[in-house]
Amino acid sequence: MKLYLLIPFLPLTAFVINILLGKEVLRDKAHWPSILAVVGSFFITITSVLPQAMAGKVINEDLYTWMVSGTFNVTVGFLIDPLTAVMLVVVTTCASLIHIYAVGYMHGDKGYYRFFAYMSLFTFCMLMLVMGNNFMQLYFGWEGVGLCSYFLIGYYFNKKSAADAGKKAFIVNRFGDFGFGIGVFMIFLTFGTLHYAPVFANAAGITGQTVNFLGWNVDLPTLIALLLFCGAVGKSAQVPLHVWLPDAMEGPTPVSALIHAATMVTAGVFMVARCNPIFNLSEIAMNTVAIVGATTSLFTATIAITQNDIKRIIAYSTCSHLGLMFLACGVGAYAAGIFHLYTHAFFKALLFLAAGSVIHAVHTNDIQEMGGLKKYMPITYAVFVIAALSAGGVPGFSGFFSKDEIIWSAYASHSSVGKLVWLMGTAVAFFTPFYTFRLIFLTFHGKYRGGHPEEHGHSAHGSSHGSHQGEHHIHESPKVMTIPLILLAVGAVAAGWVGIPPILGGGAHFAEFLKPVVGHPEFHGTHAEEWGVMGLSTIIALSGIGLAAFFYLRKTDLPEKIAKQFSGIYNILYHKYYIDELYHYTIVKPTLWVADKVIVAITDARIIEGIVNGVPGAIGKFSGNLRKVQTGLAQHYGILMAAGAFFIIALVLLLR
Amino acid sequence: MNFQLPNLSPMVPELTMTALALIVLLIDLLIKKKEILALISMAGVAIVAVTLLGSSGVTFGNMFISDGYSSFFKLIFFINVILSVLISIKYIAIERVNYGEYYSLILFSTIGMMIMASAGDLIVLYLGLELMALSTYILAGFIRHDVKSNEAALKYFLLGAFSSAFLLYGISIVYGLTGTTDLKAIASFISEKGLANNFSLLLSVIFLTVAFGFKIAAAPFHMWAPDVYEGAPTSITAFMSVGPKAAGFAVLGRVFMVAFVSVKVDWVAILIPLSILTMAVGNIVALSQTNIKRMLAYSSIAHAGYALLGIITANNEGLASMMNYLMIYAFMNIGAFAVIIMLRSEGFKGDSIYDYEGLSKTHPWAAALMLIFMFSLTGIPPTAGFIGKLYIFISAINAGYTWLVVVAVIFSAISAYFYMRIVMYMYMREPKVTVTLSTSLPTDFALVITTVAVLVIGVFPSFLVGLARAAIRGF
Amino acid sequence: MVPLSWYMMLSIAVFVIGVFGFLSRRNIIIVFMSIELMLNAVNINLISLSHYLQDMRGQILAFFVIAVAAAEAAIGLAIVIALFRNKATAHVDEVKEMQG
Amino acid sequence: MIQQLFFAYFAFVIVVLSLLVITRKNPVHSVLWMLLLFFHIASLYLLLNAEFMAAIQVIVYAGGILVLFLFAVFILNIREELRINKFIGAWPTGLTFAVGLLVVIIMSIKSFIAAPPGIYSIDLIKQETHTKALGKLLYTEFLYPFEVTSLILLVAIIGAIVLAKRRLKS
């Protein structure tokens, strides 16, 4: 019995149980199978898989061959090496805590069982994605998590914005997945197999090969790497395909925490790290990864400054952190990227869940309508601050170690691109704490600015008490929500301690652990430089917090003035660089126009009802006419048979 | 003058099956509860299936061939019988035609199919075909008090007799050309005498194509299928959309691959347009159907078009994928018919697709099962239908018919519209008529078997694929 | 000696007359008889071939064809009688409730 | 020459009778013409030294099948039958394809080459008698199809009863 098999299949079992029995039998107990399954997976990971991986044991085996046809065979196989082990820890830990949290958050929801069923299915797909030993399984997991994400974003399908956001996520991801699919296909064409081990072992052999693409010779490794990276750009919401992630916040908050922060969106980073033997072959691809990552990071961090939706701010922050991870991968510091993925999962999940706790209490996403929540929600406040400190890279917290490692790796790579992205990364180090603490100060400090009691469903005695009424109903979330928050807070502080760099007296265990898989970049730097870089980013981070405090605690009218003064820049940032609008006018509108004018023109809506409406009218009409041939008269059928025989014989006579 | 009884051991399944049919016929006279006959039939068929194991060999001077190929098809027939009988028990009581002859006729028809699958001689092939066909004509008209059933029987009978006249004419020409009716002897005679370019031979090939095309419902010889499928008792529709079709494919494969192997180029050239036409007619006309039995009839025509690709490849891989496809089709198609049968209750036809509106709200289980079968018929993974299509397409591509596969995939995409229309009706409409399901233990059992088979084959196809490949070895 | 091809031509002629009868007559009984004509045409073919090939297979097949034709006639007429009970018609073109 | 004349007569009559069978308005006439047709076909079999086949042609076809038809004809309303069209509307199309088939079959059959003769020469059959030769084969070499035929006849009996009997017990 292979114990590790239970890790993905427990959630699958939970999914099956929930989908079969959830609606009628389990009802409000639908969380039990899902939680038991994912916690079970977590324990197996911690007690069995992790120790084995630490002991240097790598499992790579094909368990089941789904189909064989010539050279094309599809197998289900598992690869458990340090990289997978790290991902397993991240996924199962976050998933366990978020599942538990969701019991409180989703309590009383109509589609309770549906929610947990999808969550389990998602967990299964994600685990299959990280545990697979071949590209096919990676691809299936990749599409599977995408599908679940799509379902869960559109979970409140009655809400138009949610349904639209689901659609947007789906369509935007198509662009990336298209490239990814072609990349996987190219790998199959090049190597004749889809298993990681032989592909990576022979990767070096394709150096310098070119393929002719549209009459233009392209370096093969670069092409494959860039196609794969296309998928990562879509899945991990990097520029220019980042637009779906903020909209994805229409889903329930636990979904945002699990899928759109801790796990699925990091699949792109995981994939790049997994495919490092291919990426390493191409300098162009590496530089592209680094620059796209750095650009996204800076770009989205600046957008986050001006936003007012609590979840969207965190979503932009997620994009920004994912950008940092790609930045690290792009300079060859895969271990640093994965390290940040690992710490990020904790503090970002925590940020989301804490934000969810706030939303749960005040029933709004707009931070303009919050304020002064500190006294009502002390636990939420505390964990929020811890998460923010970790995210902002304040020394001692886990985010500091990983972010510092990335920035140092960028600096130490000594290429011009490395220096460029280092500068950008340092700028991000300023913005991150600034917008996070802006969020905290606006939410928890100052006075409560909400005051729409009827929104809380207490309108019966709300009107007489005026605007203070809402405040009295704000309370701390139940234990089932706060305990996961506290546990995640512990992670947000301490998770990074496994990777303390040698310069601070640590052992950089994390990088050592991953070294067999992702290697180690060459550093060109002295201890003094390292101290300098670290000091600089720390000072910048602290000044970001300071500035936020100055703006939003001391001179609370200043931000508005600045916004007025620099309304041009402010508007650009507030409107997210008008990217959505750009896409709307360049892609969405023309597509819709074409759809309207062309498709509608050739489609007769009245032919067949329902879905068949979508079939181009020609076929529908053709079908209607063709069925008239079927007159019901047996002899007409006989005539057709005789005619068939006649025509075949005549044709054969003519042609032979 | 001495007579030696030929070796009977290869035909033990046929002999047992005949004995079973006769026993059922006799017991019918003695008992009142006809359900017992169903039970005996199923148990008997299960026993016959076991005897299939040790039966391989050739007897009666090549007239009877029991090999992997025939055994695989017989397995399809047995599955077909058992599932059809399971879904019949309650249904024929509702239709008030609970006569014992029903079961013996099903068994006789199956004997005909078995004889066809094992036929090594055109004479035997013809007789097996007639045995199967005559039994099926009667079964199609089994609801004597229903005009539609009479009409189905009449049309099936007229056109069936017409097509078997063509078959006979084709056989007579082959006989005149080669002086024999033995398939292997025909093949060797053709290659020895260099008859491959003879028009008369092609004429007979075309006549056989007409007759077999009729049995598998390939366009333009398909016209009987929608009317007969609609009018026949639903359980018989399920039975004959699988059994006679598979038997037709069995003889098509054997006759063309053994006897006419030297005119391969010609019959492939004939079958390619037939298969395209079949897929086109099946999938396109299905779009505008409102009776679900009729829609599934067109769907079954379309599926014959896909399966024909396996024959067109004219190699063992293609035949194996065709066999594989037919086996999968047996499960998914009878599964779909089982759901349709559940909707039939006293005084309620339940065969209009509007009867399926909102089924997911009133009968979520039935809707979910229908969903699985519709997905499978469309060919969506991870259902068995996907596997069947995939292997057919792969074998066609390997044989160099990529363009044909592209055509097939396009038609397959069109087919999604009408299959998904049912799904849409079930899940996205409000129920308008009250549907009472006439469930019974046997029907449930049939549904369980078909659902499990569709899903298990979809996820673990290698056993079935391996079985089909092993069966075709030494063909 | 009569050439074989004469017999075959006769057979084709009868076969095609049967085909025409099948395709054009309204009366079910005559349609049935047309089928019998086609089968007889095949039998003429088979027996003449059998004679000229000096081989018995053709006659044996013809023998089976006659037997099957008898069975077919019995079932066909039973179907007509069953139909006639529900819908008093003996015309093929009035039996077209199902179409499309 | 005599044989050829005989053949010419029979062939001519057979074709004419066939045409009469399918063109008579009155089904009873059709059946009667068919009876005559079957006798002629049986005679043709005699020309081909197939005495047994000629015998069963008369016994089974003329004696059995046609009588069956004749019974069935009497369920029809002959008077009604004589007033209405005997052909379906699409008969010209049927005729076109029938003639088309005739042409293409004749064109294809031109290349027909008969297989080399086997062992059952006319002398051998004469010596052994036709019935015995056929019977021997049926009960030895062709035992299997012979038994299958018995099943077909059984099915026909069951079918006729199931479909046409007035009352069935259920």
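Proteins come first, then strands; the chains are lettered A, B, ... in the order of their sequence lines, and each starts at number 1.
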Given heavy-atom pairs under 4.5 angstrom as the criterion, report whether the side chain, backbone, both or neither of [X] touches chain C.
X	value
D:A8	neither
D:L37	side chain
D:A90	neither
D:F69	both
D:S18	both
D:V60	side chain
D:L124	neither
D:I41	side chain
D:I152	both
D:P92	neither
D:F38	side chain

A side-chain contact here means heavy atoms from C-beta on lying under 4.5 Å apart; do [X] and [Y] qualify?
X	Y	value
D:K86	C:I30	no
C:L4	D:F112	yes
D:F87	C:L23	no
C:M56	D:H130	yes
C:Y52	D:L48	yes
D:L134	C:Q59	yes
D:L66	C:E36	no
C:R57	D:L137	no

Inset, instruction - Identify the heavy atoms of D:L163 and C:A82 that sit nearest to each other, and give their distance. - result: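 Reported closest heavy-atom pair: O-CB, 3.5 Å.
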Legend entry - Which atom of C:I44 lies closest to which atom of D:Y45, heavy atoms considered: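 Shortest heavy-atom contact: N-OH, 3.7 Å.
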For the [atom1] atom of [X] and the [atom2] atom of [Y], what is their distance to the nearest 0.5 Å?
X	Y	atom1	atom2	result
C:I47	D:L44	CD1	CG	9.0 Å
D:L19	C:I17	CG	CD1	4.0 Å
C:I12	D:S108	CD1	OG	8.5 Å

Inset, instruction - Please name the residue in the list D:I65, D:I22, D:V31 that meets the side-chain contact (heavy atoms from CB on, under 4.5 Å) test with C:M33. - result: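 That would be D:V31; it is the only one of D:I65, D:I22, D:V31 passing the side-chain contact (heavy atoms from CB on, under 4.5 Å) with C:M33.
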Inset, instruction - Could you tell me whether the side chains of D:Q57 and C:N40 share a donor-acceptor contact shorter than 3.5 Å? - result: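 Indeed, the side chains of D:Q57 and C:N40 share at least one donor-acceptor pair under 3.5 Å.
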Legend entry - Steps toward side-chain contact (heavy atoms from CB on, under 4.5 Å) verdict (D:M34, C:L37): CA-CA 9 Å; D:M34 198 159 194; C:L37 273 185; 4.2 Å; yes
Inset, instruction - Could you tell me whether C:F84 atom CZ has more than 12 heavy atoms of other residues or ligands within 6.0 Å of it? - result: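 Yes, because the 6.0 Å sphere around CZ of C:F84 holds more than 12 heavy atoms from other groups.
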Legend entry - Over 12 non-hydrogen atoms of neighbours within 6.0 angstrom of NZ in C:K87: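 Yes, enclosed.
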Legend entry - Residue among D:L138, D:L101, D:V148, D:V73 with most heavy-atom pairs under 4.5 Å to chain C: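 The candidate making the most pairs under 4.5 Å is D:L138.
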Which atoms of [X] come close to chain D, meaning under 4.5 Å heavy atom to heavy atom: side chain ones, backbone ones, both, or neither?
X	result
C:A88	neither
C:L83	neither
C:L10	side chain
C:F22	neither

Legend entry - Verdict with supporting geometry, C:M8 and D:I109, side-chain contact (heavy atoms from CB on, under 4.5 Å): CA-CA 9 Å; C:M8 293 187 75; D:I109 220 84; 3.9 Å; yes
Inset, instruction - Please assess C:L77 against D:F71 for the test side-chain contact (heavy atoms from CB on, under 4.5 Å), listing each intermediate value before the final yes or no. - result: CA-CA 9 Å; C:L77 292 172; D:F71 272 128; over 6 Å; no
Legend entry - ring pair (Phe, Tyr, Trp, His ring centres under 6.0 Å) assessment of C:F63 paired with D:F142: CA-CA 11 Å; C:F63 174 82; D:F142 293 91; over 10 Å; no
Inset, instruction - Let me see the working for C:R25 and D:I88 under side-chain contact (heavy atoms from CB on, under 4.5 Å), right down to the final yes or no. - result: CA-CA 6 Å; C:R25 286 304 297 249; D:I88 61 161; over 6 Å; no
Inset, instruction - Look at the aromatic rings of C:F64 and D:F146 and report parallel, tilted or perpendicular, splitting at 30° and 60°. - result: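 The arrangement is tilted - the two ring planes meet at 30° to 60°.
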